[in-house]
Amino acid sequence: MSPVEPRLPKGMRDVLPQQMVLRQHVLSILEEVFAQFGFEPLITPAVELEEILLGKGGSESEKLIFNVEHVGGKERLALRYDLTVPLSRVVGQYPDLPKPFRRYQIAPVWRAERPQKGRYREFYQCDADIVGSASMLADAEIIAMIYTILRRLGFEQFVTLINDRKLLAGLGQYSGVPADQVPVLHRTIDKLDKIGADGVREELGKAGLSLPSVDRLLQMMRPVDGAAADLQALRQELKDIPSAVEGIDELSELVGYLPALGVDPDCYRIDLAMVRGLDYYTGPIYETVVEKPRIGSITGGGRFDGLVGRFSNKNYPATGTTVGIERILDVMEELQMLPPGMGQTSVQVLVTLFGDTLQNESLKLLTELRLAGLRCELYYSPDPIGTQIRYALKKGIPFVVIAGPDELAQGKVALRDLRTREQVLVERKSAASALERSLNAACS
RNA sequence: GUGGACGUAGCUCAAUGGCAGAGUACUGGUCUGUGGAACCAGGUGUUGCGGGUUCGAAUCCCGUCGUCCACCCCA
């Protein structure tokens, strides 16, 4: 009988142990920073009732939903395609949760999209949201948290672009675009950095907008550095459009909090041409782009004051962000941003095995090292020492403890550092502490 | 959903209508004290799959599946 051909569904992948080393490192930093900012973890099921997932974000995102079936099933089930909708359900379902409710969630989501570089049909989302506060302090904290996360991960050249939906709506009004054409306007100016001012002018002209108003818009799309004077000028220009003024005031307040939160001014910028696709955003929106390799956005979020209202008589203002871990991992691999000392395995020590009579000595030593908290693997057959060392090398294990007849006869073991090729003979009893010292030294 | 490129050994790739190749990995054997080994022996394979053209197809044509890229959208 021929074996079943081992393969994966389209757009899905395995994460092998070697890749898990970096992934777990990144995830642990994320969880740490989320916790530092006062967010608490939440788990919701991968499967939701279909009615929970449908009816948001227009029919576009609904086409991407995976349905779940089982024989005799009476419920219409589907896999979640983001973490924001489940969050909204939770807030609606447990009205007693103290507000503001701040939760983070790191979990896979599924979208039946056509796969591409950095885009998969199953991927992890890392969301942190604050529900139940309309304060710009919440938005400022989200941006400060993004900044902290990326710095902790070792990113240097990144910018969080900030804009506001109310301001964008005002710009639509300002340009004289009919209400039903505003989405087209927004989608087009979002492409400003890609197709340039001429491209935008051309596309909007085709869409039937008058060229003078397009030019007035483009004039306004110049970078805004967030300085009070700059925002004031913009406010003056748009003073007759209440929505725009409201948006500018929000941005101005939000940006005003960032210095005290320790955010480097080079790492954020108000960008009137940044839109974001989802239509449920109602206030400030943010998106972080890495500038060195043009990989696109690695975080995205904003304020969504209307979403929870779908699941409750009461509506709650909310804001938050998604951290795109899959893209972050791609960028970190491309830029070789591995922390020092990080190898291809989490195993720290290989314990050698010699002849049958010494086997129990290896087992005892192994157990001692494990009790001391070291991650240890035992070599299973009494092969020549060279073979055992080569195995450790191939697997990327940094240290080998050689417990051979010569060493044990003196009550000692040899510790070999495979990266420096240095080998020391230590008392058997102090093997664990000596190894811990060496490992700490190697990682610093 | 639209458009493009590609599909040969587990992996990276050669072979331009005329006999299936290299490197690496893999399996077994030799080697009882130290660097990704050497030596020997060996699968390395329906050239993604199906059809067509041809005396003859990995090669040309059509279809299909898969991978990648661009668009749409997004993380």
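To find a chain, count down the sequence lines: A is the first, B the second, and so on, and within it residues start at 1. Please read these numbers as outputs of a predicted model, since none were measured by experiment.
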Heavy atom of residues 104-113 of chain A under 4.0 Å from RNA chain B: which residues? A:Arg111, A:Glu113
Under the ring-ring contact (aromatic ring centres under 6.0 Å, His included) test, residues paired with A:Tyr379 that sit two or more places apart: A:Tyr391
Base B:U34 paired with A:Gln423 side chain (donor-acceptor, <3.5 Å): yes
With both pairing distances under 3.5 angstrom for Watson-Crick or G-U wobble, and | for a partner in another strand, the correct string for RNA chain B is (((((((..((((....[..)))).(((((.......))))).....(((((..]....))))))))))))....
For A:Asp127 and B:C74, give me the distance from atom CG to atom P, rounded to whole Å. 15 Å
Salt bridge (Lys or Arg N to Asp or Glu O under 4.0 Å) with A:Asp139: which residues, sequence neighbours excluded? A:Arg303
Is the base of B:U44 syn or anti, where syn means the angle lies within 90° of 0? anti
Polar side-chain atom of A:Glu407 near backbone of A:Gly404 as donor-acceptor pair, under 3.5 Å: yes
Hey, which of these two, A:Pro115 or A:Ile389, hits RNA chain B nearer its 5' end, going by closest nucleotide? A:Ile389
With heavy atoms under 4.0 Å as the rule, sort A:Gly404 into base, sugar-phosphate or nothing. base
Confirm from the modelled atom types if A:Arg114 and B:G3 form a donor-acceptor pair under 3.5 Å, side chain to base only. yes
With under 30° as parallel and over 60° as perpendicular, where do the rings of A:Tyr280 and A:Phe304 fit, or are they tilted in between? perpendicular
Sequence neighbours excluded, the answer for salt bridge (Lys or Arg N to Asp or Glu O under 4.0 Å) partners of A:Arg416 is none
Write out all pairs satisfying ring-ring contact (aromatic ring centres under 6.0 Å, His included) with one or both partners inside residues 161-195 of chain A, taking only residues at least two apart or from two chains. none
